[in-house]
There are 2 protein chains.
Amino acid sequence: MAASERKKREYAQREDLIIHTARKLLLDVGYLDLNMDRIAEVTEYSKGTIYQHFSCKEEILVAMLSESAEKAGKFLLRGSNLKGKPRERMAAMALGYDLFVCLNPDHFKAKLLVQNESIMRKASPTFQKKLDACNLNNMHIVSGVLRDAVTEGHVKLKKGVTPEEVAFGLWTGALGAYVLMSSEVNLHALGITDPRKAVWENMHALLDGFGWRPLSKELDYEQTRSRILKEVFPKESAQMGML
Amino acid sequence: MAASERKKREYAQREDLIIHTARKLLLDVGYLDLNMDRIAEVTEYSKGTIYQHFSCKEEILVAMLSESAEKAGKFLLRGSNLKGKPRERMAAMALGYDLFVCLNPDHFKAKLLVQNESIMRKASPTFQKKLDACNLNNMHIVSGVLRDAVTEGHVKLKKGVTPEEVAFGLWTGALGAYVLMSSEVNLHALGITDPRKAVWENMHALLDGFGWRPLSKELDYEQTRSRILKEVFPKESAQMGML
DNA sequence: CCAATTACTTGACGCTTAGTCAATATTTAA
DNA sequence: TTAAATATTGACTAAGCGTCAAGTAATTGG
């Protein structure tokens, strides 16, 4: 009966292979030229076998996104474990996510597509739910740190403003920025020479605006930034040439 | 020689018809089921005639987006003309854009797709450039108000922070939020019951964070909000049931 | 008013690709 | 060893994009 165990493992491996191949092809040729025959050819399986794993092309994209969302979650989690004040931990999560996006340029490419309901809808509920769960989990990691800050009295939210709404603000700021960065918009022409730095600055302005202590005039977050890179993401930031 | 004038008009009219038909179909059936035969059928022209106007399906999307980006620009402009302090004018622009997005639900659907380089790339340079110009123009309207605020001394940007980077922050916050709203993400499940309100709150937090006077504790922006709706967008806000 | 020319319109056709499924090969279990 | 179960294949169907030769309508000049 050991065979069925091995079979399962082989199945999972093949699924990984398909996802990774699709990922590579998406980066290389873009969505419109990403086709199933090519995926079959590169994976050295036939189309029929590919369809054994995924019901359609779009489902592969959703699976791809789930996988990288999980990976992103690990970066967030590592950031949240920084020794320090909640706001520093929040900064570490932002930086972690930034590193993740830079190290996984296909993530936002897939995200832009899958965000589109017409594409998401084609995937089977199983895969849809898995992606939803990943996103929810990541949201929880962020709002958890925010809740720590509230209970520890570092930030007092205005009446009617919920922690989720603040997390939403952080989320949308980053999302919008990475959407622009991974799309064809010429940011340089718009006067944005370093969008990643702008995201960092804007996040701190937002947190200052909510009155989340220590404010950026009370603590040198540039120093925190160096500490985060050194303590939490040494390997990744070296890889990105940020140290 | 009056004939050629009429011809031009007819050509432009047909182009509008195609764009509007595609817009309607995109909303009805989604990107994956949006096809050229259907557009031809609904417009009551043949496929060949459609291709006389647009080189491919994706080019129609780009044209569609240009048109609605222009429309959005008008809302921004109207907002920027509010009588009041620059920060109030900025708020009016945000509110105007919000109204625009709500009144044109197809805009972000198309934007999500066209943001994808693989799709944008298929359109001919002429259409690409037109869209770029629209986006640039809209960006200028926003950063213009910001520059007014800087010259009038209402906001003093930290050393190294440019007005464009702040505009970028506003832009990305709104973009990310509308991307989420027009996508399949279940915001309610994430604890976001009123994302549009959250966008408004987060914008003010961001502007407060940059120290843009009057801060939200110095001026009742809820009152400003009512004034904006009444003075600048009476018809639209009535249509949305916001008055 | 008619013929020649030009401009517009058409839809059948070629080609690519998603997704299916009957035939084939391989593995498992008795 | 062999029958049943399972996995794999790739030819095939259907559908849609984009083309283009042939047909239709408008315009112009005589």
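Chain letters run A, B, ... following the sequence lines, proteins first and then strands; every chain starts at 1.
A:Lys111 contributes atom NZ, which lies 14.0 Å from atom CE of A:Met64 (distance to the nearest 0.5 angstrom).
Between the A:Asn202 side chain and the A:Ala198 main chain, a donor and an acceptor come within less than 3.5 Å of each other.
A ring pair (Phe, Tyr, Trp, His ring centres under 6.0 Å) with A:His107 holds for exactly one of A:Phe75, A:Tyr178, A:Phe100; it is A:Phe100.
If you measure from atom OH of A:Tyr11 to atom P of C:dT27, you get 18 Å, rounded to the nearest angstrom. Taking atom CD of residue A:Glu41 and atom P of nucleotide C:dT17, one finds them 11 Å apart after rounding to whole Å. To the nearest angstrom, C1' of C:dA25 lies 15 Å from OH of A:Tyr45. Taking atom CD1 of B:Ile39 as the reference point, atom P of C:dG11 lies 17 Å away to the nearest angstrom. For B:Glu44 and C:dT9, the CD to C1' distance is 14 Å, given to the nearest whole Å. Between the CD atom of A:Glu10 and the C1' atom of C:dT28 there is a distance of 13 Å, given to the nearest Å. What separates CG of B:Leu25 from C1' of D:dG16 is a distance of 15 Å, to the nearest Å.
Side-chain nitrogen and oxygen atoms of A:Arg14 include none within less than 4.0 Å of the OP1 or OP2 phosphate oxygen of D:dA7. Taking only side-chain nitrogens and oxygens, B:Thr49 comes nearer than 4.0 Å to OP1 or OP2 of C:dT10.
Less than 4.0 Å separates DNA chain D from at least one heavy atom of each of the following residues of residues 26-35 of chain B: B:Leu34, B:Asn35.
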Let me have a per-nucleotide readout for nucleotides 18-23 of chain D, 5' to 3', with B, S or -, counting only protein heavy atoms under 4.0 Å.
BBB---

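In this structure, the side chains of A:Val199 and A:Met181 come closer than 4.5 Å at one or more pairs of heavy atoms.
Partners of B:Glu236 by salt bridge (Lys or Arg N to Asp or Glu O under 4.0 Å), not counting sequence neighbours, listed by chain and number: B:Arg78. Annotation: side-chain hydrogen bond (donor to acceptor under 3.5 Å, both in side chains) contacts of B:Lys24 (sequence neighbours excluded): B:Asp28. Evaluation of the salt bridge (Lys or Arg N to Asp or Glu O under 4.0 Å) rule for A:Arg147 yields A:Glu164 as partners, not counting sequence neighbours.
Checked by atom type, the side-chain pair A:Lys109/B:Asn116 shows no donor-acceptor distance below 3.5 Å.
Contacts classified as ring pair (Phe, Tyr, Trp, His ring centres under 6.0 Å) and involving residues 26-53 of chain A (residues at least two apart or in different chains) are given here: A:Tyr11-A:His53.
Counting non-hydrogen atoms under 4.0 angstrom, B:Arg38 reaches nothing in the nucleic acid.
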